Amino acid sequence: MEKTSKPSILEENIGKTVTIGSYEFTEAKIIRFAEKYDPQVFHTDPVAAKESFFGALCASGWHTTAVWMRLNVQSMIGIIKTCMERGETPPVFGPSPGFENLRWEHPVFAGDVIAYTAQITDIRPLATKPGWSMLNHHSTGTNQHGERVMQFDGAALVKLP
């Protein structure tokens, strides 16, 4: 496949907010994650959680963020498949140098369904790594009541076709 002069699938979406998926946080999922990674009573014990600051069992912030990551990876796989179906060379996704401005804005309770979004804010070539660019994004999670539960700004290396 040869490079075309048209923008890549990622460049086409700069500035657009895309839903990358949704996830239902059940009591069992919240407890299972928390027992392994964040064993605090308001994440692991529904009865004790009622007496906590949150007033009910709620998901670890790290759980809400980990779900975003899983859905983001599935979204990247979808982008690659779409490019292949179009007969285009797909982007190569590289590592992330990290994220900033992470905010958990509202607790996620058992039964909440969180819709996750990502918006590519910028893609710029890297002078220090020819052929590669830095993709910057703003990502959010919003519950079924329209309350934003988390947001952060992230980045990742990407090799555009």
Side-chain angles (χ1 to χ4, degrees), residues 9-82 90-124 126 129 132-160:
I9 192 169
L10 297 175
E11 293 166 316
E12 289 173 0
N13 285 297
I14 293 175
K16 296 178 184 173
T17 300
V18 177
T19 300
I20 61 171
S22 62
Y23 182 85
E24 181 178 1
F25 285 82
T26 65
E27 183 175 292
K29 291 174 185 176
I30 290 169
I31 292 169
R32 187 170 49 248
F33 182 94
E35 285 176 340
K36 289 181 181 178
Y37 306 110
D38 196 359
Q40 300 182 67
V41 295
F42 42 84
H43 301 320
T44 60
D45 184 337
V47 175
K50 289 179 183 176
E51 302 302 319
S52 74
F53 173 80
F54 298 108
L57 185 77
C58 62
S60 165
W62 296 115
H63 190 179
T64 61
T65 307
V67 169
W68 177 89
M69 179 55 81
R70 185 177 85 188
L71 294 172
N72 185 58
V73 168
Q74 290 172 351
S75 175
M76 291 187 297
I77 292 167
I79 289 168
I80 292 167
K81 285 181 181 177
T82 298
V92 175
F93 294 99
S96 170
F99 62 89
E100 58 188 9
N101 304 318
L102 173 61
R103 292 178 32 190
W104 293 305
E105 300 178 326
H106 193 278
V108 174
F109 297 107
D112 281 350
V113 176
I114 308 304
Y116 291 92
T117 65
Q119 179 189 61
I120 298 171
T121 57
D122 184 42
I123 302 174
R124 59 181 168 73
L126 293 174
K129 199 157 182 60
W132 287 85
S133 296
M134 185 63 68
L135 180 151
N136 295 295
H137 63 88
H138 179 74
S139 295
T140 66
T142 304
N143 69 18
Q144 71 276 12
H145 306 295
E147 299 163 319
R148 191 169 53 210
V149 300
M150 63 162 281
Q151 67 172 316
F152 67 96
D153 297 310
L157 288 158
V158 64
K159 191 173 204 176
L160 300 175

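In this text the structure is predicted, and so the values were computed from the model without any measurement.
To the nearest 0.5 angstrom, L57 atom CG is 8.5 Å from D45 atom CG. Note that CD of Q119 is 7.5 Å distant from NE2 of H138, once rounded to the nearest 0.5 Å. Here D38 contributes atom CG and I30 contributes atom CD1; the two are 12.0 Å apart, rounded to the nearest 0.5 Å. For the atom pair CD1 (I114) and OG1 (T142), the distance works out to 7.5 Å, reported to the nearest 0.5 Å. Note that the CD1 atom of I120 and the CG atom of L135 stand 4.5 Å from one another [nearest 0.5 Å]. Rounding to the nearest 0.5 Å places CG of L157 at 7.0 Å from NZ of K129.
Considering only residues two or more places apart in sequence or on other chains, Q144 meets the side-chain hydrogen bond (donor to acceptor under 3.5 Å, both in side chains) condition with D112. W132 meets the ring-ring contact (aromatic ring centres under 6.0 Å, His included) test with no other residue; sequence neighbours excluded. Applying the side-chain hydrogen bond (donor to acceptor under 3.5 Å, both in side chains) criterion to N143, with sequence neighbours excluded, gives E147. Residues passing the side-chain hydrogen bond (donor to acceptor under 3.5 Å, both in side chains) test with T117, sequence neighbours excluded: T140. Residues satisfying the salt bridge (Lys or Arg N to Asp or Glu O under 4.0 Å) criterion with R148, sequence neighbours excluded, are E105. For H63, there are no side-chain hydrogen bond (donor to acceptor under 3.5 Å, both in side chains) partners, not counting sequence neighbours. Residues passing the ring-ring contact (aromatic ring centres under 6.0 Å, His included) test with H137, sequence neighbours excluded: W68, F152. Partners of E12 by salt bridge (Lys or Arg N to Asp or Glu O under 4.0 Å), not counting sequence neighbours, listed by chain and number: R86.
Closest heavy-atom contact between A115 and S22: CA-CB, 4.0 Å. Pairing each heavy atom of I123 with each of S133, the nearest pair is CG2-CB, 3.7 Å. When every heavy atom of Y116 is checked against every heavy atom of G141, the shortest pair comes out as CD2-CA, 4.0 Å. Across every non-hydrogen atom of A34 and T44, the tightest pair is CB-CG2, 3.7 Å.
With hydrogens and angles ignored, the 3.5 Å screen pairs a side-chain donor or acceptor of T82 with a backbone N or O of G78. Side-chain atoms of H43 never come within 3.5 Å of backbone atoms of I31 as a donor-acceptor pair (strictly under, hydrogens ignored). Side chain of T121 to backbone of N136: a donor-acceptor contact under 3.5 angstrom is found.
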For residues 48-55, which side-chain N or O atoms pair as donor and acceptor with protein atoms under 3.5 Å away, sequence neighbours left out?
residue: S52; atom: OG; partner: A49; partner atom: O; Å: 2.6
residue: S52; atom: OG; partner: F54; partner atom: N; Å: 3.2

Show me the side-chain donor-acceptor pairs of residues 91-102 shorter than 3.5 Å, one per line, residues at least two apart or across chains.
residue: S96; atom: OG; partner: G98; partner atom: N; Å: 3.0
residue: S96; atom: OG; partner: G98; partner atom: O; Å: 3.3
residue: S96; atom: OG; partner: A155; partner atom: O; Å: 2.6
residue: N101; atom: ND2; partner: D153; partner atom: OD2; Å: 2.8

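Ring pair F25/Y23 is perpendicular by interplanar angle, where above 60° counts as perpendicular and below 30° as parallel.
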